[in-house]
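To start, the structure under review is shown below, and the notes come after it.
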Amino acid sequence: MGFGLLSPGGEPLPRSFFDRPSEQVAPDLLGRVVVHGSVAVRLTEVEAYGVPGEDPASHTYRGETPRNSVMFGPPGHLYVYFTYGMHFCANLVCRPEGVGSGILLRGGEIVDGIEVARARRSGDSARAVGDRDLARGPARLAVAMGFLREHNGADMVGRVLAGAPVAGVSAGPRTGVAAGAERPWRFWAEGEPTVSPYRKHVPKVRVAR
DNA sequence: ATGGAGATGCTCT
DNA sequence: GAGCATCTCCATA
């Protein structure tokens, strides 16, 4: 595997890149390339999640637990969580060690290992997934990249590359979150087809009885 | 295009 | 037991 003649990856970003507030790192992450095994993705959409006690949408809001402990570890590591009983999603940990914060990888363009990504996303079914949709959405991106439970805590420094600048960055409310929805901490690269369609949080209704 | 329902299991209260 | 940082399929337009 490789990037071919024109490497879209470039130099690895240093750990210090991630040692900042996630809402600062997030827009800076667009256009960067994340490499995992034989597959690489150029990020086009991310969401920042903040620190305990401050960001009610963050998994770390109520402090450290067994599930979120990686977010409290050193920056530049991968936080993989399992949700809805069937999906994995991946974050890059930000801030210094001890401060729980990270960035959800929501969408991107597969720039290497596309055959592997296609096979993972098609699964058993014969139906082909369009290239645009391979990593369009956080759980799809995790499947395409092969991010699994066992990769929770993996050190990604050296595997996040400088990439190429994006045309422009837009910001808006985060997807699928109830509390803290007013923070414009979802960032995406303008004009990119691999940005997932925005879906607002649907409030659950309690039935009176 | 937009919207609803259902799937499915883990985490924390 | 409630609530998910979601996805796919089906409906209507």
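Chain identifiers are assigned alphabetically (A, B, ...) following the order of the sequence lines, protein sequences preceding nucleic acid strands; residue numbering begins at 1 within each chain.
In this structure, A:Asp133 atom CG and C:dT6 atom P are separated by 16 Å, rounded to whole Å. The OH-C1' distance, from A:Tyr84 to C:dA2, rounds to 13 Å in whole Å. To the nearest angstrom, P of B:dG3 lies 5 Å from NZ of A:Lys200. Spacing between atom CG of A:Leu148 and atom P of B:dC10 amounts to 15 Å, rounded to whole angstrom units.
Considering only residues two or more places apart in sequence or on other chains, A:Arg15 meets the salt bridge (charged side-chain N to carboxylate O under 4.0 Å, His left out) condition with A:Asp155.
A heavy atom closer than 4.0 Å to some atom of DNA chain C occurs in A:Tyr49, A:Ala57, A:His59, A:Met71, these being the qualifying members of residues 47-71 of chain A. Using a 4.0 Å cutoff on non-hydrogen atoms, the parts of residues 166-185 of chain A near DNA chain C are A:Gly176, A:Val177, ordered by number.
Base-pairing analysis of DNA chain C finds the following stems of at least three consecutive Watson-Crick or G-U pairs, with both pairing distances under 3.5 Å: B:1-7 with C:6-12, B:9-12 with C:1-4.
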message: Under the criterion ring-ring contact (aromatic ring centres under 6.0 Å, His included), I'd like the reasoning laid out for A:His36 against A:Phe147: C-alpha separation, chi angles, the key distance, then a yes or no.
response: CA-CA 8 Å; A:His36 186 247; A:Phe147 290 143; 4.8 Å; yes
task: Let me have a per-nucleotide readout for nucleotides 8-13 of chain C, 5' to 3', with B, S or -, counting only protein heavy atoms under 4.0 Å.
output: S-----
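Between the base of C:dA5 and the side chain of A:Tyr81 there is a donor-acceptor pair shorter than 3.5 Å.
A ring-ring contact (aromatic ring centres under 6.0 Å, His included) check over residues 175-197 of chain A, counting only residues at least two apart or in different chains, returns nothing.
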